[in-house]
Amino acid sequence: MGTQVSKQVERRKAIKTEKKVLVDLHQNTGEVYPGSDYQPSDRKNWMGELNPEKLHINQIVWPGTHDSATNKIGIPLISRPFAQCQSLSIYKQLLLGTRVLDIRVQEDRRVCHGILATYSIDVVIQDVKKFLSETQSEIIILEIRTEFGHEDPPEFEKYLEEQLGEYLIHQDEHVFGKTVAELLPKRIICVWKPRKSPRPKAGSPFWHAGHLKDNWIDTDLPSTKFDSNMKHLSEQPPVTSRKFFYRVENTVTPKADNPVLCVKPVTGRIHGYARLFIAQCFAKGCGDKLQIFSTDFIEEDFVDSCVGMTHARVEGKA
């Protein structure tokens with residue numbers, strides 16, 4: 001018992017120390033970067049606002065959400081605080097400016113986060129289609145994966161193509177160098193990551209796991225995650241020569257050996273430092289490598305931080 005208490009005390013000290021590291025970095029360096037003062041007038045249509053004929057796919061800093069479809073997961077006040085990573089529906093996230101969705105499914109096509117399941121993937125599809133019907137120039141990256149420990153839904157590619165076929169941008173490496181206007185009226189880059197089924201083939205309506213990469217570190221320590229994100233991003237090719245999407249996630253996650261296990265207070269340790277991270281990307285010479293930037297509990301300022309940098313790239317200022 002004493003050993004466990006001692007370990008908990010040390011963990012709390014480590015968290016306090018790491019939180020101070022980010023506070024000090026922010027105070028000493030600030031969060032100014034090319035485009036940091038830009039704010040879209042219409043987040044629902046921010047790609048259209050940046051001019052689809054000028055905006056190239058590899059110029060976009062894509063605002064994304066982590067565990068996107070968890071707004072209604074679990075039982076309120078009981079299991080939900082331990083699994084919920086977003087409070088908004090998929091439709092409301094898209095209205096806010098989110099353009100990358102991270103959806104995990106189990107065998108029965110229900111969305112899940114670990115052992116907890118929520119609504120059917122049909123709800124996600126309906127929200128996506130509703131948003132697309134109300135906009136003209138917004139491109140979405142829709143990542144769907146079979147959650148760890150679960151089986152692939154049967155005939156899932158067939159289902160997705162039936163539901164989204166008219167919107168799907170087929171797998172093609174030339175897409176990275178094209179403008180948004182050149183892809184329209186197609187609107188969705190759908191990355192399907194099954195656990196056991198064959199991965200999508202070249203030319204398929206779906207993109208495979210090699211087209212959306214990240215270097216996930218499972219930690220609740222904010223400075224550790226911040227530094228890991230920067231290290232792995234710095235090792236990537238610039239967006240102009242990359243033939244895959246690379247994601248950085250501005251999140252930390254609860255760990256079983258710490259007394260705080262609810263998602264929101266844990267991820268809150270790093271949540272407010274998105275702009276600091278972008279500023280540090282430029283300070284460390286890898287501003288040309290940031291591409292997908294995701295978060296828990298997305299809000300307006302996070303979207304604006306990404307859109308502002310995208311605007312700077314379009315204007316040749318970043």
Side-chain angles (χ1 to χ4, degrees), residues 57-58 60 62 64-70 85 90 98-115 117-118 120-125 127-129 132 139-178 182-183 186-218 232-233 235-237 239-249 251 289 291-294:
I57 294 300
N58 60 16
I60 298 170
W62 304 75
T65 49
H66 168 244
D67 261 307
S68 304
T70 54
C85 298
I90 294 298
T98 301
R99 294 297 177 265
V100 181
L101 299 172
D102 160 23
I103 309 296
R104 292 96 180 282
V105 295
Q106 57 187 29
E107 189 174 6
D108 62 2
R109 295 184 185 168
R110 292 171 70 197
V111 178
C112 60
H113 183 187
I115 62 172
T118 181
S120 166
I121 188 67
D122 293 336
V123 175
V124 174
I125 300 297
D127 276 8
V128 167
K129 291 167 79 169
L132 294 178
I139 303 293
I140 298 169
I141 298 176
L142 176 61
E143 177 196 31
I144 307 180
R145 70 178 93 173
T146 303
E147 180 71 301
F148 180 79
H150 293 276
E151 297 296 320
D152 299 324
E155 299 186 327
F156 198 58
E157 281 193 29
K158 180 181 178 182
Y159 161 79
L160 290 175
E161 190 166 8
E162 288 174 350
Q163 295 294 319
L164 300 171
E166 64 180 302
Y167 299 110
L168 294 175
I169 298 167
H170 286 222
Q171 184 189 141
D172 178 0
E173 291 185 347
H174 291 98
V175 164
F176 294 98
K178 292 185 176 182
E182 289 176 305
L183 297 179
K186 304 297 185 181
R187 309 279 297 282
I188 300 173
I189 296 171
C190 185
V191 182
W192 165 226
K193 297 181 175 180
R195 294 197 63 78
K196 295 180 180 178
S197 304
R199 75 180 194 175
K201 298 178 180 178
S204 162
F206 306 101
W207 299 62
H208 59 68
H211 290 116
L212 176 48
K213 302 178 183 180
D214 53 36
N215 285 281
W216 175 262
I217 174 174
D218 191 10
H232 289 297
L233 180 65
E235 295 167 351
Q236 305 306 313
V239 292
T240 51
S241 61
R242 193 184 296 159
K243 298 302 181 183
F244 59 90
F245 294 100
Y246 185 78
R247 172 172 52 205
V248 173
E249 301 204 68
T251 61
K289 299 180 179 184
Q291 190 171 43
I292 294 176
F293 199 25
S294 292

Can you check whether Asp67's main-chain N or O pairs, donor with acceptor, with Asp102's side chain at less than 3.5 Å?
yes
Take Tyr159 and Ile125, measure what side chain to side chain contact (heavy atoms under 4.5 Å, CB included) needs, and give me the verdict at the end.
CA-CA 11 Å; Tyr159 161 79; Ile125 300 297; 3.8 Å; yes
Working for side chain to side chain contact (heavy atoms under 4.5 Å, CB included), residues Ile144 and Val124
CA-CA 11 Å; Ile144 307 180; Val124 174; over 6 Å; no
Which heavy atom in Glu249 sits nearest to a heavy atom in Asp214, and how many Å separate them?
OE2-OD2, 4.1 Å
Might you point out which heavy atoms bring Arg247 and Ser294 nearest each other, and give the distance in Å?
CD-OG, 3.6 Å
Donor-acceptor contact below 3.5 Å, side chain Glu147 vs main chain Gln106
no
Check whether Thr146 reaches the backbone of Pro194 with its side chain - one donor and one acceptor, N or O, closer than 3.5 Å.
no
Ignoring hydrogens and geometry, is there a side-chain-to-backbone donor-acceptor pair from Asp152 to Ser197 under 3.5 Å?
yes
Asp172 versus His174, side-chain donor and acceptor atoms under 3.5 Å
yes
Distance alone, cut at 3.5 Å: any donor-acceptor contact between the side chains of Gln236 and Arg242?
no
Are the side chains of Ile189 and Leu212 in contact, using a 4.5 Å heavy-atom criterion?
no
Is there a donor-acceptor contact under 3.5 Å from the side chain of Lys129 to the main chain of Gln163?
yes
Smallest separation among heavy atoms of Arg195 and Phe148, with atom names:
NH2-CD1, 3.3 Å
Salt bridge (charged side-chain N to carboxylate O under 4.0 Å, His left out) with Glu143: which of Lys213, Arg104, Lys193?
Lys193
Heavy-atom nearest pair, Gln171 first then Phe206, reads NE2-O, 2.9 Å
Any residue meeting side-chain contact (heavy atoms from CB on, under 4.5 Å) with Ser120, in chain and number order, not counting sequence neighbours:
Asp122
From CA spacing to verdict: side chain to side chain contact (heavy atoms under 4.5 Å, CB included), Glu107, His150:
CA-CA 7 Å; Glu107 189 174 6; His150 293 276; over 6 Å; no
From Thr70 OG1 over to Ile90 CD1, what is the distance, rounded to the nearest 0.5 angstrom?
8.5 Å
When you measure from the side chain of His170 to the backbone N and O of Gly203, does any donor-acceptor pair fall under 3.5 Å?
yes
Sequence neighbours excluded, which residues qualify as side-chain contact (heavy atoms from CB on, under 4.5 Å) partners of Lys186?
Ile169
Strictly distance-based, threshold 3.5 Å: is any side-chain N or O of Arg187 a donor or acceptor partner for the main-chain N or O of Ile139?
no
Before giving the answer on side chain to side chain contact (heavy atoms under 4.5 Å, CB included), spell out for Phe293 and Val100 the whole-Å C-alpha distance, their side-chain angles and the decisive distance to 0.1 Å.
CA-CA 9 Å; Phe293 199 25; Val100 181; over 6 Å; no
Distance in Å, Ser204 OG paired with Arg199 CZ, rounded so as to fall on 0.5 Å steps:
11.5 Å
Closer than 3.5 angstrom, by distance alone: can the side chain of His113 be matched with the main-chain N or O of Ala69 as a donor-acceptor pair?
no
Sequence neighbours left out, what passes ring-ring contact (aromatic ring centres under 6.0 Å, His included) with Phe176? Give chain and number order.
Trp207, Phe245
